[in-house]
Amino acid sequence: MSASRPEHFLPMHPEAFRILVELRAGERHGYALVKALERDAGRPGKVLPANLYRRIRTLLERGLIEESGNRPDPALDDERRRYFAVTPLGESVARAEALRLQALLAGAGDLIQGRGR
Amino acid sequence: MTRRPSRIYRALLRLLPGELRASFGRDMEQMYGDRLRDADGALERGIVRADAVRDLVFQSGAEWMSRARDAMEQSLKGGMGMDGWVQDFRYGARSLRKRPGFTIAAVSTLALGIAATVSMFGVVNTVLLEPLPYPDSDDLVVLWSEDTRTGDRSRAVDHPDVRAIQSAVPGFSVAGYAGTRPTLTGFDNPEVIFGARVTDGLIGLMGLQPAMGRDLRAEDAIFGGPTVAVISHSFWTERLAADPEAIGRTVVLNGEAWEIVGVGPPDFDFPEGSEIWLPRRHEIDGCGHGCRIMNVIGRVDAGTSIADVRTRLDATAMRLAEEYPNSHRDGGFDVESLLGYEVSDVRTALWVLLGAVVMVLLIACANVANLVLVRSNARREEVALRATLGASRLRIIRQLLTESVILATASGAIGVALAWLGTAALVALAPDSLPRLDTPTLDATVLVFALGLVFAVTAMFGTLPALHASDVRSAGRAGRGTDGRRHSERSRSALLVGEVALSLTLLLGTGLLVRTLGELRAVKLGFDTESIERFRVSVPETRYDSLEINPFLEQIEQVLTAIPGVRAAGWGFGVPLASGNITTTVELLDRPDVPPADQPGLAIRPSSIGFLDATGTRLLRGRWFNEGDRYGGAGVAVINQATVRTHYPDGDPIGLRLKANVSWSFEDTPEMTIVGVVEDVVRSSPRETPSPAVYVPNAQFAANTGYISLRLEPGLATAIPQARQAIADLDPNLAIWSVTTMEEVVADASGETVFYATLLTIFSIVALLLAAVGLYGVVAYSVTRRTREIGIRMALGAASDVVTSMVVREGIRPVLTGVGVGLASSWLVGRAISSMLFGVTPQDPVTIVGATGALLLVTIAATVIPARRASRVQPSSALRAD
């Protein structure tokens, strides 16, 4: 995919944004990604395989993530698993989305505090 | 740790599009395995499995919808909007105009198929599907009287039964009716008109109102009450000039004056053809229990179910059986919808005919599909170029289908126009016995059917060629490979197999019906048909008392016999292939083994002395009636062979006695001695086995209505004008009706079978010709394509007959496959038309061999012609051809 400006990918789907954020912390395979997403207290419910891999496919097509190899995860079993990592474009898009959300939340600080005026 | 593969999860993965499944299916399966492994306990594993199903189902739906949305967006950008449609239409029309031969062949083939199908559906719609012209006609039923022991059914009940049902079955309104043929005088000439004696309230029961005056009431039926009548609307308009003062006028029937109290609603003539309705009262005496001459029509009231009515009728039948064991033992009643009853005899046949004509249409579509396939082969480079320039497959398919839509629409328009003529032709050909076919119309239902047919036809002949031609991958190899051509040839062979199978199916059905006709015509009728005329006459009881009726009939016979050219005249009631029948229980006095409770029901046939000579029915044993068999003398009877077989199988019945539980004009029928046996006579249809019957001398019975048969000298065309005059000289107020010849009577009896067989024959011939033309086209095209190959073979020494047999063999292959499929379906054909057959089994070997032989003959001929052309290919010119 040709290089594009990060703003062209905004707004992002929350699920896709979370995937980019987790992959910024390091490459992961699918199940590890799922575990990380479900650990996130702000994200209720489970991440199911077909749902996850549709998002991954879209991120791959847009060049925001890339495959980074096939190898086993010693913590699980000896099966080879596909690992994904964020691309530089993906990093830029994630940053741009975070700034967009920050601006969105700028005027809603009291909501986060829990009491209205 | 190695996971166990999940077959179910893999099966569910197939819900996803192939591309997504190929890219990530293994990963999803891995993750599912990981979750299962990490699940704590059976409950959690169950939740994992349920989540997996939910995930795949939901995500596959979302994925397919997303793809559909993307395809639509892309299509609109790629010319799939309105501009694209207009462009495709113009291009398609131009393309068809450039090839007039192909276009005319395709349109004419399809138009004929559509016209035939729409015409046939018009008839089916009018006869079977249109509701009856009465309000809430679904609630109208006819009553059947049954013998629960033998299963025999009849519409005839006795008048006391009608009264019993009226009072004992709530929620069920009934009216009884019996045909009557009074002589109307006071107009130009005495004329017999059709009418009915009815119980009260017939018009109201049908949901209608009289146009003037009132309906017949219960008090009109009181014996000795006023003579009142309701006339039909057509009687009022045609004979009384729509007189607004008609109520209160009188009409003279059989010399008796009847006051008009009502005029029926327009177009109402139930039972069919009725011009006048009279209260049923004169026949109460002498025709009570067991004298079954009435039919009953009923209406199930709102809120009552048919099941309730049947339950009540069963109870009523049981009560009547207890009270009147002689006449009602083992009796039962049943009801059937009026529409179902009216069309029951023709329903199967009409649906079979519609199925047959649809088969012809399918064959026509297959032929046109083959034509289009050939044409699409020639456009493969054009398609490849369009694909290269960016046209999606969907876009190409749409453009190709647009041409098919244009062809089908033009064919449909011409076909519907032709269907007006086709329907008129069907009505003209149809026998009079086909019900409800007076005025078939191509109404909205039929036009909607025609529209649906056009869509179906487009899909049938356009889809396969469009899919094939738009296959860009094989189109791209056009000219370099043979994959596309092979695929096209396989498709065309498959179409041919279908055409041959359908043609054979039609031929089998036709063959079975033609054999049925032959069997019907071979049935022993029991009477002569050549040079015999017949007409009906009724001696009015109002002007002739019981002792005068038979002497008057004998006088009529004498004056008729005196007409030059008339060899014999005879009178009879219950004559062959005619209306009018009395069935009653008969005591077999010399059969002590037959208890009174088991008295058989026999048909009673009052006849004159001259009856046998006039009709040609043969006397087998004993004697016929003579001058000595008079009123007051010893009672005599002649029985038919069926009575002998059924009730006197051992020994000679001559001299044995019997007594009928019915009388006509006299108060009682005497005890009768059997004096003769006559051959069985076909009574209501050649298909039915003659039932037991007893002939009685009319001198001892005095039935006043029946048929006179005139046996003429060979070569004499008719004696009817002289007969009319001779009878008018005796009684100017007596008219005759139902004039016919016995040849016409017999022809009418098999008229429906002739109609069905004729139509099926036409369909079969058309289907066979279409299949032959299709086969010829396929083989001829194949020869053209293989000219170079044939040239090489012949250059290498192949003889021309070898080339011919090679081409024939290859051409016949789909035919043989089609014959196999057609023969396998023959049992279906037999089942579908088994109720239409007579004297021949559905798997009749003669028909199967004949139909298959005819098909092979025609198809081999269609193959040989192009094969012989192939054998005349010049190797040198063939090798130069590119």
Side-chain angles (χ1 to χ4, degrees), chain A residues 1 8-9 12-16 18-19 22-23 27-40 43-86, chain B residues 1-40 43-70 73-74:
Chain A
M1 195 167 180
H8 289 160
F9 296 94
M12 286 196 78
H13 190 280
E15 196 88 4
R18 291 294 305 139
I19 291 172
E22 289 297 334
L23 290 179
E27 59 183 13
R28 300 217 206 288
H29 58 73
Y31 191 45
L33 191 54
V34 158
K35 288 291 202 193
L37 290 171
E38 288 178 352
R39 262 196 308 270
D40 185 351
R43 193 220 174 276
K46 298 175 196 167
V47 179
L48 297 176
N51 185 17
L52 173 76
Y53 280 104
R54 285 184 71 215
R55 299 260 172 250
I56 286 177
R57 181 194 57 187
T58 305
L59 291 169
L60 282 170
E61 283 171 358
R62 292 177 179 178
L64 304 184
I65 65 174
E66 62 188 359
E67 287 190 43
S68 63
N70 266 308
R71 56 187 183 278
D73 182 347
L76 291 174
D77 53 31
D78 57 356
E79 282 199 22
R80 298 178 74 81
R81 292 162 188 278
R82 198 156 27 160
Y83 281 74
F84 302 96
V86 68
Chain B
M1 181 170 61
T2 309
R3 282 185 301 113
R4 246 189 347 214
S6 167
R7 280 198 210 98
I8 297 174
Y9 193 83
R10 275 197 197 146
L12 285 170
L13 275 174
R14 300 197 75 81
L15 291 171
L16 297 172
E19 185 201 322
L20 180 62
R21 189 170 69 242
S23 300
F24 298 104
R26 189 171 170 276
D27 300 279
M28 293 184 211
E29 202 180 338
Q30 246 178 7
M31 190 179 298
Y32 171 69
D34 291 338
R35 282 202 177 273
L36 269 182
R37 184 197 55 228
D38 291 348
D40 187 12
L43 178 64
E44 214 173 299
R45 282 196 291 276
I47 292 172
V48 168
R49 292 187 181 102
D51 284 341
V53 172
R54 177 169 57 91
D55 177 44
L56 285 171
V57 168
F58 184 77
Q59 293 301 323
S60 65
E63 182 69 19
W64 284 112
M65 282 189 60
S66 169
R67 285 177 181 234
R69 204 167 42 238
D70 290 344
E73 284 170 6
Q74 197 182 11

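Sequence lines set the chain letters: A, B, ... in the order given, protein chains first and strands last, and positions in each chain run from 1.
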Using a strict cut-off of less than 4.0 Å between a Lys/Arg side-chain nitrogen and an Asp/Glu carboxylate oxygen, indicate whether A:Lys46 and B:Glu44 qualify as a salt bridge.
no
Flag, side chain of B:Asp55 to backbone of A:Ala50, donor-acceptor distance under 3.5 Å
yes
If we ignore hydrogens and angles and just use 3.5 Å, is the side chain of B:Gln59 paired with the main-chain N or O of A:Tyr53 as donor and acceptor?
no
Check each atom of B:Ala62 against the heavy atoms of chain A and say whether the ones under 4.5 Å are side chain, backbone, both or neither.
both
Under-4.0 Å salt bridge between A:Arg57 and B:Glu63
yes
Derivation and outcome, side-chain contact (heavy atoms from CB on, under 4.5 Å), residues B:Asp34 and A:His29
CA-CA 12 Å; B:Asp34 291 338; A:His29 58 73; 5.5 Å; no
Does the side chain of A:Leu48 reach to within under 4.5 Å of the side chain of B:Arg54, using non-hydrogen atoms?
yes
Which answer fits B:Arg35, side chain, backbone, both or neither, if we ask what part of it has an atom under 4.5 Å from a heavy atom of chain A?
both
Does the side chain of A:Leu52 come within less than 4.5 Å of B:Met31's, by heavy atoms?
yes
In this structure, CG of B:Asp51 is separated from CG of A:Asn51 (nearest 0.5 Å) by 11.5 Å
Looking at side-chain heavy atoms only, is the closest gap between B:Phe24 and A:Leu60 below 4.5 Å?
yes
Is the closest side-chain donor-acceptor distance between B:Asp38 and A:Tyr31 under 3.5 Å?
yes
Smallest heavy-atom separation, B:Ser66 atom then A:Arg54 atom, equals CB-NH2, 4.4 Å
